[in-house]
Amino acid sequence: MFQRIIDDVKLSVGTGLRQTSLAAMAAVALFITTSFLCAAAFVAVLDPYGLIEACLAGAGLFFIVTLIAAGTYLMRKRQIERQAKARAKSTAQAMLADPMVVAAGLQVVRAIGVKRLVPILAVGGLALGLLAGRNSAAGDQAPAE
């Protein structure tokens, strides 16, 4: 029984390793191709316009590529943050709407009693408020990346 599981793991690891090595080889080949294309474009601009213009054209091209990549990164980062907020909000709403959670809450109230539960809820609410204030203050700062 365990041997079959081990064989499956070996097979999946081997397949993953082969796929990763093929992807790495493709990435290296793409990098070399891009390098030769950049060199060809540099030489093509160098002949009619000169050295300085060729360097400035290459720098401008890579600057535009950098701006596009940075813009895409920022848009994706904002999209992920919006999705995380929406997911957290829907999870909290779904949890409070779950009948099992409501039933468990009622059982806790019955077991502990309302008179004992009020101070516990007050301390819990205070702790939650302090934690929320601490998280919102930390959330105002930009993440270090």
Side-chain angles (χ1 to χ4, degrees), residues 1-112 117 119-145:
M1 181 172 125
F2 288 117
Q3 186 63 34
R4 189 172 67 184
I5 294 172
I6 292 171
D7 289 340
D8 287 344
V9 169
K10 282 183 182 179
L11 181 65
S12 66
V13 168
T15 303
L17 187 61
R18 280 191 291 277
Q19 289 294 100
T20 303
S21 64
L22 286 174
M25 287 175 24
V28 168
L30 180 65
F31 176 73
I32 292 171
T33 303
T34 306
S35 299
F36 275 109
L37 287 174
C38 289
F42 181 80
V43 170
V45 174
L46 178 66
D47 283 340
Y49 296 106
L51 181 64
I52 293 176
E53 288 80 8
C55 289
L56 289 175
L61 176 71
F62 283 107
F63 183 69
I64 290 171
V65 169
T66 302
L67 288 177
I68 291 171
T72 304
Y73 170 77
L74 290 175
M75 285 178 15
R76 179 71 178 139
K77 184 178 174 183
R78 287 185 187 136
Q79 180 184 13
I80 290 171
E81 288 173 356
R82 281 194 304 261
Q83 288 174 350
K85 286 180 183 177
R87 194 177 307 119
K89 187 176 182 181
S90 68
T91 302
Q93 289 175 349
M95 189 173 67
L96 291 176
D98 187 13
M100 294 297 288
V101 173
V102 174
L106 288 174
Q107 287 179 354
V108 167
V109 169
R110 286 182 190 151
I112 295 176
L117 196 60
I120 293 173
L121 288 176
V123 171
L126 180 65
L128 184 64
L130 290 174
L131 183 65
R134 191 168 123 195
N135 284 343
S136 68
D140 293 342
Q141 299 173 355
E145 293 180 12

- Taking the side chain as every heavy atom from C-beta outward, state whether Cys38 and Thr34 have any atom pair closer than 4.5 Å. yes

- With sequence neighbours excluded, residues passing side-chain hydrogen bond (donor to acceptor under 3.5 Å, both in side chains) with Asp7: Gln3

What pairs of donor and acceptor atoms, side-chain ones from residues 42-58 against any protein atom, are under 3.5 angstrom apart with sequence neighbours left out?
none

- Item | Contacts of Arg78 that satisfy side-chain hydrogen bond (donor to acceptor under 3.5 Å, both in side chains) - sequence neighbours left out | none

- Look up atom CD1 in Ile68 and atom CD1 in Ile64, then write down how far apart they are to the nearest 0.5 Å. 7.0 Å

- Query: When rounded to the nearest 0.5 angstrom, what distance separates OG1 in Thr15 from CG in Leu11?
  - Reply: 4.5 Å

- Nearest 0.5 Å please: distance from the CD atom of Gln79 over to the CZ atom of Arg76. 5.0 Å

- Message: If I take atom OG1 from residue Thr72 and atom CG from residue Leu67, how far apart are they, to the nearest 0.5 angstrom?
- Response: 10.5 Å

